[in-house]
Amino acid sequence: SLYLLNLINDSDDKYEFARLEKLISESKVKNAKLCYALAKNYEQRENYTKSLELYNQISPANDEINLKKVCLNIIVENFDAALDILKEVNDKYENEKHFYKGLILFNQKEYEQALKTLDLIKDDPKFENKIPCLIAQCYIEQKKYRTVINYIKKLEKNNIDFENKTDVYR
């Protein structure tokens with residue numbers, strides 16, 4: 001088990017990963033550490049579907065695993081599954097839940113609901129550089145151009161920097 005874990009972490013060989021995955025899938029007892037390591041490795045390689053399959057094999061899933069599964073389901077655009085998994089996440093991760101729900105609502109073109117949800121966490125330092133772009137994008141999608149201009153001016157006045165700024169300025 002430790003040998004396989006080290007092999008997963010140290011190997012760049014695609015054949016080796018396939019072999020390790022086969023060993024895990026054929027195993028009668030699922031080893032959560034091995035599944036987690038392999039899932040994380042697939043995620044780093046941007047093979048999100050494979051990563052999600054492996055995270056789904058970890059049972060019972062803790063909040064960290066469930067948040068990973070939510071994120072991966074969003075990436076592969078399986079929004080209903082992401083929302084279902086969010087319900088299983090402990091309320092101590094309430095702001096993370098709001099962020100992911102806002103992101104899902106944005107992707108489902110539910111811009112008003114996304115704005116309401118994101119507004120709940122706009123002052124959380126963990127999300128302060130992600131939320132402004134999403135809020136601005138919601139306004140843009142709603143064709144509320146005056147609102148987005150005022151919003152961006154307010155951010156600039158308060159020296160608030162955020163991710164994907166160039167997307168908003170286009």
Are the side chains of [X] and [Y] in touch, meaning some heavy atoms are under 4.5 Å apart?
X: I152; Y: L155; answer: yes
X: N41; Y: R45; answer: yes
X: L52; Y: N56; answer: yes

[atom2] on [Y] to [atom1] on [X], rounded to 0.5 Å:
X: L86; Y: I74; atom1: CG; atom2: CD1; value: 7.0 Å
X: Y145; Y: N150; atom1: OH; atom2: CG; value: 15.0 Å
X: I135; Y: I140; atom1: CD1; atom2: CD1; value: 12.0 Å
X: I85; Y: N66; atom1: CD1; atom2: CG; value: 6.5 Å
X: L34; Y: Q57; atom1: CG; atom2: CD; value: 11.0 Å

Set of residues satisfying side chain to side chain donor-acceptor pair (under 3.5 Å) with respect to [X], sequence neighbours excluded:
X: Y100; answer: none
X: Q142; answer: E112
X: Q44; answer: none
X: D124; answer: N95

Evaluation steps, side-chain contact (heavy atoms from CB on, under 4.5 Å), between K101 and L83: CA-CA 7 Å; K101 185 175 181 184; L83 285 170; 4.3 Å; yes
Under the rule for side-chain contact (heavy atoms from CB on, under 4.5 Å), what residues qualify as partners of [X], not counting sequence neighbours?
X: Q113; result: L105, E110, K116
X: I149; result: R146, K153
X: E77; result: F79

Trace of the side-chain contact (heavy atoms from CB on, under 4.5 Å) decision for K40 with Y55: CA-CA 9 Å; K40 192 172 175 185; Y55 280 124; 3.9 Å; yes
Please say yes or no: joined through hydrophobic side-chain contacts below 4.5 Å, possibly via intermediate residues, are [X] and [Y] part of one cluster?
X: I58; Y: V76; result: yes
X: Y42; Y: Y48; result: no
X: L72; Y: L103; result: no

Results of salt bridge (charged side-chain N to carboxylate O under 4.0 Å, His left out) for K126 - residues two or more places apart only: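 Applying salt bridge (charged side-chain N to carboxylate O under 4.0 Å, His left out) to K126 gives E96.
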For K122, salt bridge (charged side-chain N to carboxylate O under 4.0 Å, His left out) partners two or more places apart: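 Salt bridge (charged side-chain N to carboxylate O under 4.0 Å, His left out) check on K122 returns D119.
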S51 side-chain N/O to A39 backbone N/O, donor-acceptor pair under 3.5 Å: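 Side chain of S51 to backbone of A39, a donor-acceptor pair under 3.5 Å: yes, one is there.
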Shortest non-hydrogen separation from G102 to T117 and the atoms involved: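 Reported closest heavy-atom pair: N-CG2, 3.7 Å.
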Pairs satisfying side chain to side chain donor-acceptor pair (under 3.5 Å), at least one member in residues 80-93, at least two apart: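 Output for this query lists D91-K97.
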Salt bridge (charged side-chain N to carboxylate O under 4.0 Å, His left out): pairs with one or both residues in residues 56-75, sequence neighbours excluded: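 Residue pairs with at least one partner in residues 56-75: E43-K68.
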Where at least one partner belongs to residues 104-133, residue pairs that pass ring pair (Phe, Tyr, Trp, His ring centres under 6.0 Å), sequence neighbours excluded: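 Applying ring pair (Phe, Tyr, Trp, His ring centres under 6.0 Å) to every pair that reaches into residues 104-133, excluding sequence neighbours, yields F99-F127, F106-Y111.
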